[in-house]
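Below is one structure, written out as structure tokens; the observations come after it.
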Amino acid sequence: MKHIKLLGILTILIIITEFVLSIPSGMESFQEGMEAGMQEATACKNNAQTPLPHPIKVTVQVSPVNAPLQTVTLNCGQNRTTQAVYATDSVTCNISEPASHAILTIISIITLFPVLYGVYSLIRLLICVSRKEVFSRRNCWWLRWFTYSTALFSLLITLSEWVLERAALQQIQLPGYEITGIDKTYVEWSSLFVMMLLTEIFAAGVKLQEEQDLTI
């Protein structure tokens with residue numbers, strides 16, 4: 001049981017460390033979004049353009065079809081340079097946000113509260129494991145809450161990005177390039193399904209343990 005206790009403590013430390021390290025990047029993304037929105041509003045005002053209804057920034061992946069080749073100068077050292085051909089593989093622009101994406105975004109924000117409680121439940125579960133309190137209905141409840149709240153949030157994110165991708169394909173036209181998709185959040189669905197399977201196996205183990213205790 002000592003290795004289980006050490007693994008539980010190590011997992012808690014990793015979760016806390018990842019959360020702390022993610023704060024600066026989250027703040028930076030939020031600041032970049034605000035600055036981009038202000039710049040877009042200023043550009044529309046100065047150029048007398050009609051602003052997009054509910055604009056949202058999206059990065060689309062593109063593949064050159066008939067686009068002219070561009071060159072870039074490379075410094076090879078010793079005062080030598082050479083020319084290299086390059087092509088754009090992604091473009092960031094603003095599109096009009098579809099109503100379905102806005103609805104899914106609101107639902108995803110609401111779902112953050114169960115996800116946060118799921119993280120809290122996981123920490124409580126790991127604390128119990130570190131205390132050698134493993135097989136109990138309370139631990140089963142906490143594990144299920146964490147697993148299924150994470151899966152639900154991942155599903156909502158995937159659906160909202162799929163809707164955004166459909167809108168980007170309809171609204172954006174780039175001469176010489178074919179739009180192949182947008183930058184998406186990588187979700188390991190295989191890992192999520194393995195987590196759900198292991199959660200139900202753990203729940204079945206807890207039930208068998210209780211039946212065995214009652215039999216004895």
Side-chain angles (χ1 to χ4, degrees), residues 15 17-75 83-116 119 149-193:
I15 292 175
T17 302
E18 289 183 347
F19 176 76
V20 172
L21 294 178
S22 65
I23 293 178
S25 61
M27 294 297 296
E28 183 178 354
S29 299
F30 178 75
Q31 184 177 0
E32 290 178 354
M34 287 188 59
E35 292 177 353
M38 294 176 62
Q39 291 175 1
E40 179 69 19
T42 303
C44 291
K45 182 178 180 180
N46 295 336
N47 298 330
Q49 297 177 354
T50 302
L52 287 173
H54 306 289
I56 184 171
K57 179 176 290 187
V58 60
T59 300
V60 295
Q61 300 294 330
V62 296
S63 176
V65 180
N66 297 317
L69 295 178
Q70 305 291 332
T71 59
V72 61
T73 301
L74 299 179
N75 186 0
Q83 299 293 320
V85 179
Y86 75 93
T88 301
D89 60 359
S90 64
V91 176
T92 301
C93 56
N94 287 339
I95 65 172
S96 179
E97 182 182 23
S100 55
H101 180 266
I103 295 174
L104 287 171
T105 301
I106 295 175
I107 298 175
S108 300
I109 294 174
I110 296 175
T111 313
L112 277 176
F113 294 100
V115 170
L116 291 176
V119 175
S149 63
T150 303
L152 176 60
F153 183 74
S154 300
L155 177 61
L156 290 173
I157 292 297
T158 301
L159 288 176
S160 63
E161 289 181 342
W162 179 81
V163 170
L164 194 61
E165 183 178 62
R166 296 298 96 190
L169 292 175
Q170 294 176 359
Q171 297 182 33
I172 300 176
Q173 293 182 353
L174 295 174
Y177 288 91
E178 177 185 4
I179 299 176
T180 58
I182 67 172
D183 280 351
K184 298 178 182 178
T185 304
Y186 180 69
V187 178
E188 293 186 357
W189 286 106
S190 58
S191 299
L192 285 176
F193 276 96

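Values below: every heavy atom of this structure, side chains too, minus hydrogens, waters and symmetry copies. Here the structure is a predicted model, which means the values were calculated and not measured.
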Please list, chain by chain and in numerical order, all residues satisfying side-chain contact (heavy atoms from CB on, under 4.5 Å) with Ile107, sequence neighbours excluded.
Ile103, Thr111, Leu156
The side-chain hydrogen bond (donor to acceptor under 3.5 Å, both in side chains) partners of Thr59 (sequence neighbours excluded) come to Thr92
For Leu192 and Ala151, work out which heavy atoms get closest and say how close.
CD1-CA, 4.3 Å
Report the distance from atom CD1 of Ile109 to atom CZ of Phe153, rounding to the nearest 0.5 Å.
9.0 Å
Apply side-chain contact (heavy atoms from CB on, under 4.5 Å) to Leu155 and list each qualifying residue two or more places apart in sequence or on a separate chain.
Leu159, Trp189
Ignoring hydrogens and angles, state whether a donor on the side chain of Gln171 or Ser96 is under 3.5 Å from an acceptor on the partner side chain.
no
Residues two or more places apart in sequence or in another chain: which of them pass side-chain hydrogen bond (donor to acceptor under 3.5 Å, both in side chains) with Glu188?
Ser191
In residues 162-169, what donor-acceptor pairs under 3.5 Å come from side-chain atoms, sequence neighbours left out?
residue, atom, partner, partner atom, Å
Glu165, OE1, Lys184, NZ, 3.2
Glu165, OE2, Ile182, N, 3.4
Glu165, OE2, Lys184, NZ, 3.3

Pairing residues for Ser190 by the side-chain hydrogen bond (donor to acceptor under 3.5 Å, both in side chains) criterion, not counting sequence neighbours
none
Which atom names give the shortest non-hydrogen contact between Ser90 and Gln61, and what distance separates them?
CB-OE1, 4.0 Å
Between CD1 of Ile95 and CD1 of Ile172, what distance do you get to the nearest 0.5 Å?
5.5 Å
Spell out, as yes or no, whether a donor-acceptor pair under 3.5 Å connects the side chain of Ser63 to the backbone of Glu178.
no
Set of residues satisfying side-chain contact (heavy atoms from CB on, under 4.5 Å) with respect to Ser149, sequence neighbours excluded
Pro114, Val115, Trp145
